[in-house]
Amino acid sequence: MKKSILIIFLALASVAFAATDSAIYGKDLIPNILGYDKEGSLHLGQWFTILQGKYFSIGFLAIAFGVPAVFLIHYLVIGPMIFSHDRKKIHVFTLFHRVIHWLAAISFLVLVPTGFVMVFGTTFGGGEFVRVCKELHAISTVLFSISVIPMLLMWIKDMFPTLDDIKWMMIVGGYLNKRKDPVPAGKFNAGQKMWFWLCTVGGIVMILTGAAMYFQDFKLEVIVQMGLSQIDFLRASAIVHNILGMAVAALFFVHVYMSVFAIKGAIHSMITGYKEEEEVEILHSSYYKKLKDNKEI
């Protein structure tokens, strides 16, 4: 018995020694505890508990069921847009564009569902399934990290707001009627631009906040200089990550619906690089006019 107690004591002592440089369990532990909710703190304890314990799960649940339900109604009432395949095909995306896009797409196809599993981890009973999803989420983040900077650089020049975007928003891109009226939009419409900025800039923030939560126990000099405790930083990371996660999940569902269901055959442009001429003429009328004026088609 005494021998067992000694072994346990030595094991705990070795862990404590190893943690002396820890940002959470080492010499910073007591200052973190004493500084909890005091002046200079971010006072996130109560907000973190309320948001993490209740509202985030409600928000993700509403997105998981609400967004697909809206799209199902749209599909049944309005139906998909169908464009002629008998006219020219307009080259829109290079091979490099398509490869980078599919890297990001594959990563999101894993990131979004595994993110939902982690949010509702207790509902799934925790355990090995949730742990596997956590690791898949981390691996997919690496894949997304490879694609996000090239994606940002190759499309950013076409993603700044224009007057067409205001007009597009006013008519919701023409998706609420069955007519084929020309829609004011450049190479990318306002919806695609919103998804781009959230996916790239928001995605980079999610990579950083996700890494903070994944590794947890690390030290960054910039955090120390800002006077933040590690627990404040982790709580802030969790709150930001979840808020962005809800927005990303919602717009990801939108992006998938538009490319697979709402516009028949639209996904082929990310396989072949070509769009149907009528699709460009109707859904990207300003871009089509520019191509015609420049005699590119």
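These values consider heavy atoms only, across backbone and side chains, with no hydrogens, waters or symmetry-generated copies. In this text the structure is predicted, and so the values were computed from the model without any measurement. FYI, the numbering just counts along the sequence from 1.
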[atom1] ([X]) with more than 12 external heavy atoms under 6.0 Å:
X      : atom1 : result
Leu163 : CG    : no
Lys264 : NZ    : no
Met213 : CE    : yes

Please check if [X] and [Y] belong to a single hydrophobic cluster, counting links between Ile, Leu, Val, Met, Phe, Trp and Tyr side chain heavy atoms closer than 4.5 Å.
X      : Y      : result
Phe96  : Met151 : yes
Met169 : Val183 : yes
Leu198 : Leu103 : yes
Ile63  : Phe65  : yes
Met258 : Val260 : yes

>> Under the ring-ring contact (aromatic ring centres under 6.0 Å, His included) definition, can you give me all pairs with a residue in residues 260-290, not counting sequence neighbours?
In response: His91-Tyr274

>> Give me each pair satisfying ring-ring contact (aromatic ring centres under 6.0 Å, His included) with a member in residues 119-139, each pair once, sequence neighbours excluded.
In response: Phe124-Phe129

Calculate, to the nearest 0.5 Å, the distance between atoms [atom1] and [atom2] belonging to [X] and [Y] respectively.
X      : Y      : atom1 : atom2 : value
Ser140 : Leu109 : OG    : CG    : 9.5 Å
His101 : Ile106 : NE2   : CD1   : 10.5 Å
Ser269 : Lys275 : OG    : NZ    : 4.0 Å
Cys133 : Leu111 : SG    : CG    : 11.5 Å
Cys199 : Met206 : SG    : CE    : 10.5 Å
Ile297 : Lys289 : CD1   : NZ    : 11.5 Å

Atom of [X], atom of [Y] and distance for their closest heavy-atom approach:
X      : Y      : answer
Gly203 : Phe144 : CA-CE2, 3.8 Å
Ile100 : Pro150 : CD1-CB, 3.9 Å
Trp168 : Ala185 : CD1-CB, 4.2 Å
Pro182 : Ser285 : CB-CB, 4.0 Å
Ser286 : Asp164 : OG-OD2, 2.6 Å
Pro184 : Lys167 : CG-CB, 3.5 Å

Below 4.5 Å, heavy atoms only, C-beta onward: do [X] and [Y] meet side chain to side chain?
X      : Y      : result
Ile204 : Ser145 : no
Val201 : Trp197 : yes
Gln52  : Ile239 : no
Thr114 : Lys134 : no
Asn177 : Ile78  : no
Tyr175 : Ile263 : yes
Thr162 : Lys193 : yes
Leu152 : Phe196 : yes

> When the aromatic ring centroids of Phe188 and Trp155 are compared, is their separation below 6.0 Å?
Replying inline: yes

>> Running the 4.5 Å side-chain criterion over Ile, Leu, Val, Met, Phe, Trp and Tyr, what cluster does Leu176 land in, apart from itself?
In response: Val172

Under 3.5 Å, is there a donor-acceptor pair between the side chain of [X] and the main chain of [Y]?
X      : Y      : result
Arg98  : Ile271 : yes
Asn294 : Glu296 : no
Gln192 : Asn189 : yes
Gln230 : Gln216 : yes

> Of all residues at least two apart in sequence or in a different chain, which pass the ring pair (Phe, Tyr, Trp, His ring centres under 6.0 Å) check with Phe60?
Replying inline: Phe116

>> For residues 53-77, which residue pairs pass the side chain to side chain donor-acceptor pair (under 3.5 Å) check, not counting sequence neighbours?
In response: His74-Tyr257

>> Taking salt bridge (charged side-chain N to carboxylate O under 4.0 Å, His left out) as the criterion, tell me which of Glu277, Glu276, Glu279 meets it with Arg87.
In response: Glu277

Per-pair distances, 0.1 Å, donor-acceptor, side chain in residues 245-256, under 3.5 Å, sequence neighbours excluded:
none

> Does the side chain to side chain contact (heavy atoms under 4.5 Å, CB included) test come out yes or no for Asn242 and Val119, once each step is laid out?
Replying inline: CA-CA 9 Å; Asn242 277 282; Val119 170; 4.2 Å; yes

> Would Trp195 and Phe108 satisfy ring pair (Phe, Tyr, Trp, His ring centres under 6.0 Å), going step by step from the backbone distance to the final call?
Replying inline: CA-CA 13 Å; Trp195 171 236; Phe108 271 109; 5.5 Å; yes

